[in-house]
2 protein chains.
Amino acid sequence: MAKARFSRFDGSPGCAVEAAVSLICGKWKGVVLWYLLDEGTLRFSELRRRIGGVTQRMLTNQLRELEVDGLIHREVHAEVPPRVEYSLTALGRELTPVLMALKNWGDAHLDLFGPSGTPAEPREGGAAGQA
Amino acid sequence: MAKARFSRFDGSPGCAVEAAVSLICGKWKGVVLWYLLDEGTLRFSELRRRIGGVTQRMLTNQLRELEVDGLIHREVHAEVPPRVEYSLTALGRELTPVLMALKNWGDAHLDLFGPSGTPAEPREGGAAGQA
DNA sequence: CAGGATCCTATTGGATACTG
DNA sequence: CAGTATCCAATAGGATCCTG
């Protein structure tokens with residue numbers, strides 16, 4: 001895993017932050033990770049419906065990068081029609097604190113950015129909150 | 001603050017995550033925020049030295065975006081030579097859990113990405129850890 | 001010191017059409 | 001269903017030089 005997508009690993013304090021940030025940067029990565037954390041396992045089409053506004057190309061792209069980085073697991077079921085399920089890896093689940101913190105911040109300050117939609121708390125039955 | 005840099009505020013759960021992520025996305029934003037959290041107040045040149053590898057243009061750019069988004073405060077002292085100090089706003093300080101989580105994750109997994117430099121824990125005397 | 005102004009390249013993101 | 005394959009526009013990122 002872990003493409004050489006990181007520029008500086010000089011041991012400086014900011015280095016760790018930079019590395020972690022680079023993993024969740026990408027227009028849809030944070031959201032994808034959030035939904036997988038929240039719901040555990042989702043198919044491609046399920047993710048796409050939940051995210052909304054993402055094209056297949058972009059979703060595929062982001063999923064591939066997350067997979068290469070070792071954050072998500074991609075399971076292909078040899079069926080027809082094809083079924084592909086995505087879930088977080090152990091490494092990905094370790095991002096839980098990050099994702100929760102991001103979600104909390106966003107929920108607390110969404111009013112700054114828009115007319116504020118429904119807060120939409122994570123579902124109780126989901127996989128979130130385990131860590 | 002808060003440029004209309006966010007595409008979807010439909011109230012979906014991922015929305016908040018997406019908004020928060022977009023604020024710290026940018027090659028140097030996470031690092032800048034981290035150092036400001038760690039050390040409280042830093043001048044332009046101090047930030048630049050700490051980050052290393054960033055050009056003035058990019059640092060200026062990222063600082064401006066963070067300022068526009070209301071995460072950092074920019075204080076210009078009318079002196080010569082000029083002195084400009086950056087610090088986190090209250091809103092920016094609320095990102096502390098996010099930054100700490102990112103740092104923790106990075107520290108725990110930096111070995112995945114490189115030969116692993118010195119871990120470089122946050123200094124005790126810094127501003128970090130307040131929240 | 002802390003930038004602003006330019007110019008240029010690379011990467012990201014997106015629309016659309018096609019496929020096993 | 002879950003993608004590929006193209007093509008294209010926008011943005012991010014960077015090198016360099018100049019300035020109050």
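Below, chain A is the first sequence line, B the second, and so on; all start at residue 1.
Taking side-chain N and O atoms only, R83(A) has no distance below 4.0 Å to OP1 or OP2 of dG3(D). For the pair Y86(A) and dC1(D), the criterion of a side-chain N or O lying under 4.0 Å from OP1 or OP2 is not met. In this structure, T60(B) does not reach the dG3(C) phosphate: none of its side-chain N or O atoms is under 4.0 Å from OP1 or OP2. K27(B) has no side-chain polar atom (N or O) that falls below the 4.0 Å cut-off from OP1 or OP2 of dT11(C).
Look at CD on E65(B): it is 8 Å from P on dG13(D), rounded to the nearest Å. To the nearest angstrom, P of dT9(C) lies 18 Å from CE of M58(B). At whole-Å resolution of the value, CG in N61(B) and P in dG13(D) are 8 Å apart. The interatomic distance linking L59(A) (CG) with dA2(D) (C1') rounds to 10 Å, in whole Å. Between the P atom of dC1(C) and the CZ atom of R74(B) lies a distance of 16 Å, rounded to the nearest Å. One interatomic measurement links the two molecules: CZ of F44(B) to C1' of dA2(C), which rounds to 6 Å at whole-angstrom precision. Separating the CG atom of L42(A) from the P atom of dG3(D) is a distance of 13 Å, rounded to the nearest angstrom. Between the CD atom of E79(B) and the C1' atom of dG3(C) there is a distance of 16 Å, rounded to whole Å.
Residue Q62(A) is in sugar-phosphate contact alone, with no base atom involved, counting any heavy-atom pair closer than 4.0 Å across all strands shown. Counting any heavy atom pair closer than 4.0 Å across all strands shown, R48(B) reaches no nucleic acid atom.
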Item checked: Residues W28(B), V21(A); criterion side chain to side chain contact (heavy atoms under 4.5 Å, CB included); working and verdict -> CA-CA 9 Å; W28(B) 313 98; V21(A) 166; over 6 Å; no
Next item on the list: Go through the steps to decide whether K103(B) and L37(B) satisfy the test side chain to side chain contact (heavy atoms under 4.5 Å, CB included), and finish with yes or no.
Entry: CA-CA 12 Å; K103(B) 180 68 162 55; L37(B) 176 66; over 6 Å; no
Margin query: Treating primed atoms plus P, OP1 and OP2 as sugar-phosphate and everything else as base, which nucleotides of nucleotides 15-20 of chain D get B, S or - for protein heavy atoms under 4.0 Å?
Written below: BBB--B
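For E85(B), the side chain to side chain donor-acceptor pair (under 3.5 Å) criterion is met by H77(B), R83(B), not counting sequence neighbours. Scored by the side chain to side chain donor-acceptor pair (under 3.5 Å) test, R74(A) finds Y86(A) as partners (sequence neighbours excluded). Residues meeting the side chain to side chain donor-acceptor pair (under 3.5 Å) test with E94(B), sequence neighbours left out: H109(A). The side-chain contact (heavy atoms from CB on, under 4.5 Å) search around E46(B) returns L42(B), R43(B), R49(B), R50(B), not counting sequence neighbours.
By the 4.5 Å heavy-atom criterion applied to side chains, T60(B) and F44(B) are counted as neighbours.
In the hydrophobic clustering of ILVMFWY residues, with side-chain heavy atoms under 4.5 Å counting as a link, L71(B) and V76(B) come out together.
Within the 3.5 Å criterion, the main-chain N or O of M100(B) finds a donor-acceptor partner in the side chain of N104(B).
Annotation: the terminal axes of the helix from dC1(C)-dG20(D) to dG20(C)-dC1(D) meet at 60°, where each axis is the rotation carrying the C1' atoms of four end pairs onto the next four (5 pairs per end, rounded to 10°).
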